[in-house]
Amino acid sequence: MPAIKSTPPKPKAFCAKIPDRKNAAAFARALAGWYAQSARKLPWRQIPSLYSTVVSEFMLQQTQISTVLPYFEKWLRRFPDFEALAKAPEAALLKHWEGLGYYSRARNLHALAKEICASGIPENSRQWLRMKGVGPYTAAAISSIAQGEKIALVDGNVVRVLTRLSADKTPYPSASAAIAPLQPFAQSLMDAAQNPGAHNQAMMELGALICTRNRPPECLLCPVRIFCAVAGRADAQDFPFLAAKKTERVEKDRLWIKHGKKLLLRRAHAQAKRLAQLWELPLKEDLPQAICQKEPLMVKKRGISNQQITERIFGARLAPKNFPKGEQWIWADEKKLHALTLSGPHRRWVNLLKDFR
DNA sequence: AACGCGGGGGC
DNA sequence: GCCCCAGCGTT
């Protein structure tokens, strides 16, 4: 009877310059060496404890380190541990959170302290995830840093590092949309690491100090440049590729109707979501009786909000009996036209066409 | 997938 | 002004 083959290892999400686990281990070693040498001395790293880790991770949600620093110091003096926090009145917490923003974090942290004092400490990321205010990032951060769980976190820094390592040109709809797809890659690197908490922090530290967003990355100083698909490339800063906000394509036909020297305009009503009260060329659908030319005088594209609008402007005629009525309509001569408020594109069109007929 | 949540930093 | 920041909860 043949020996039962062991189940094949789970497919690993690696990349061109980190093709297997052996390379991942070399990557993790290089990163860890750099981190031991170069990590900033942040207060929650100086006083490593579960409590300081939890407090710092709550404060750091969507908040920059420099903003958090003074709050963290004051908080630990006033609320030195979970017991002190659980006993304190909510008003005291909020007062110490004042100015930090996202105040539900303070209330969630309060509830978390009470829960821990009543029922004990969550043991792993899955249990942390059940607590209000703790999502995938915070659960992985706390359990890896304070409890040694081998679970990778993915934040904005890590998205940047991973997409550059793998030259990932996926047009993610947003940075947050990239987190789930990149998690397996992050985890495959974590699996090869020795110290889970240090590895996670090192990935973020690399993004903060070397693999930067607002300036060209310092590839020459990067401890893992030999593992990076874009190291030294001029386009390294272009990663991650975040798709432009999804734009809806819209087509509009407008009419250029002259009566003597006057031009017919309409305006959006006061409650319109866009361009309220601004004068514009009438839409073809507003004036079904108009006699419209076959070919447009002009075709222009422009963007408004999330729409990409292609507008065609047709010369047209309108019998006096069909002239529209109401305050939404106006026949504007050149002088009046100058005084009316038009959107930028409409002003430019009118200027371009003003001598037409 | 898209918002709201808050305040601040970088460009 | 706009995007983003050691994100999460809701819709």
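For clarity, every value in this text was computed on a predicted model and none was experimentally measured. Reminder, nothing fancy here: chain letters follow the sequence lines and each chain counts from 1.
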Measure from [atom1] on [X] to [atom2] on [N] and round the result to the nearest Å.
{"X": "A:Ile65", "N": "B:dG10", "atom1": "CD1", "atom2": "P", "answer": "13 Å"}
{"X": "A:His199", "N": "C:dA6", "atom1": "NE2", "atom2": "P", "answer": "17 Å"}
{"X": "A:Gln62", "N": "B:dG6", "atom1": "CD", "atom2": "P", "answer": "13 Å"}
{"X": "A:Glu205", "N": "C:dC5", "atom1": "CD", "atom2": "C1'", "answer": "15 Å"}
{"X": "A:Ile142", "N": "C:dC8", "atom1": "CD1", "atom2": "P", "answer": "9 Å"}
{"X": "A:Tyr71", "N": "C:dA6", "atom1": "OH", "atom2": "P", "answer": "17 Å"}
{"X": "A:Leu69", "N": "B:dG8", "atom1": "CG", "atom2": "P", "answer": "15 Å"}
{"X": "A:Trp128", "N": "C:dG7", "atom1": "CH2", "atom2": "C1'", "answer": "17 Å"}

For [X], which contact category applies under a 4.0 Å heavy-atom criterion: base, sugar-phosphate, or nothing?
{"X": "A:Leu42", "value": "base"}
{"X": "A:Leu153", "value": "nothing"}
{"X": "A:Trp97", "value": "nothing"}
{"X": "A:Gly99", "value": "sugar-phosphate"}

Q. What distance, rounded to whole Å, do you find between the two P atoms, one in B:dA1 and one in C:dA6?
A. 23 Å
**Q.** Separation between the P atoms of B:dG6 and C:dG1, rounded to whole Å
**A.**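 That atom pair is separated by 23 Å.
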Rounded at 0.5 Å granularity, tell me how far [atom1] in [X] sits from [atom2] in [Y].
{"X": "A:Cys211", "Y": "A:Met204", "atom1": "SG", "atom2": "CE", "result": "14.5 Å"}
{"X": "A:Leu162", "Y": "A:Leu189", "atom1": "CG", "atom2": "CG", "result": "6.5 Å"}
{"X": "A:Met131", "Y": "A:Asn108", "atom1": "CE", "atom2": "CG", "result": "9.5 Å"}

Q. Quick one: on DNA chain B, does A:Arg215 or A:Ser174 contact a more 5' nucleotide (nearest heavy atom)?
A.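 Its nucleotide being nearer the 5' end, the pick is A:Ser174.
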Q. Relative to the 5' end of DNA chain B, which residue comes earlier, A:Arg105 or A:Ala177, by the nucleotide with the nearest heavy atom?
A.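 Comparing both residues, the 5'-ward one is A:Ala177.
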(Q) On a heavy-atom basis, which atom in A:Met203 and which in A:Val158 lie closest, and how many Å separate them? (A) CB-CG2, 4.0 Å
Q. With no hydrogens and no angle check, is any side-chain donor or acceptor of A:Ser144 less than 3.5 Å from a backbone partner on A:Glu149?
A.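 Looks like no, no N/O pair under 3.5 Å.
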Between [X] and [N], is there a contact of a side-chain N or O with OP1 or OP2 at under 4.0 Å?
{"X": "A:Asn214", "N": "B:dC11", "result": "no"}
{"X": "A:Gln64", "N": "C:dC5", "result": "no"}
{"X": "A:Thr138", "N": "C:dC8", "result": "yes"}

Q.
Can you confirm whether or not the ring centre of A:Phe323 sits under 6.0 Å from the ring centre of A:Trp331?
A.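 Yes - the distance between ring centres of A:Phe323 and A:Trp331 falls below the 6.0 Å cut-off.
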Q.
Measuring from the side chain of A:Arg213 (C-beta onward, heavy atoms only), which nucleotide among C:dG7, C:dC4, C:dA6 has the closest atom?
A.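 Closest nucleotide to the A:Arg213 side chain: C:dC4.
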Q: Identify which nucleotide among B:dG6, C:dC8, C:dA6 has an atom closest to any side-chain atom of A:Gln201, counting heavy atoms from C-beta outward.
A: C:dA6
Under 3.5 Å, N/O pairs linking protein and nucleotides 9-11 of chain C:
residue: C:dG9; atom: OP1; partner: A:Gly133; partner atom: N; Å: 2.5

Q: Report yes if a donor N or O on one partner sits less than 3.5 Å from an acceptor N or O on the other, where the partners are the side chain of A:Tyr102 and the base of B:dG6; otherwise report no.
A: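 Answer is yes: a donor-acceptor pair is held.
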Q: Kindly indicate whether the side chain of A:Thr63 and the base of B:dG6 share any N or O donor-acceptor pair separated by less than 3.5 Å?
A: yes
**Q.** Where DNA chain B forms stems, i.e. three or more consecutive Watson-Crick or G-U pairs with both distances under 3.5 Å
**A.** B:1-5 with C:7-11, B:7-11 with C:1-5
Q: Could you tell me whether A:Lys22 and A:Asp20 make a salt bridge, using a distance below 4.0 angstrom between a side-chain N and a carboxylate O?
A: no
Q | Ion pair check, A:Arg225 and A:Glu218, cut-off under 4.0 Å | A | no
Q) So, A:Thr170 and A:Asp168: side-chain donor and acceptor under 3.5 Å apart, yes or no? A) yes
**Q.** Qualifying residue for ring-ring contact (aromatic ring centres under 6.0 Å, His included) with A:His96, from A:Phe72, A:Phe79, A:Tyr71
**A.** A:Phe79
Q: Mark yes or no: A:Lys284 above the aromatic ring of A:Phe314, with NZ or CZ under 6.0 Å from the six-membered ring centre and no more than 45 degrees from the axis.
A: yes
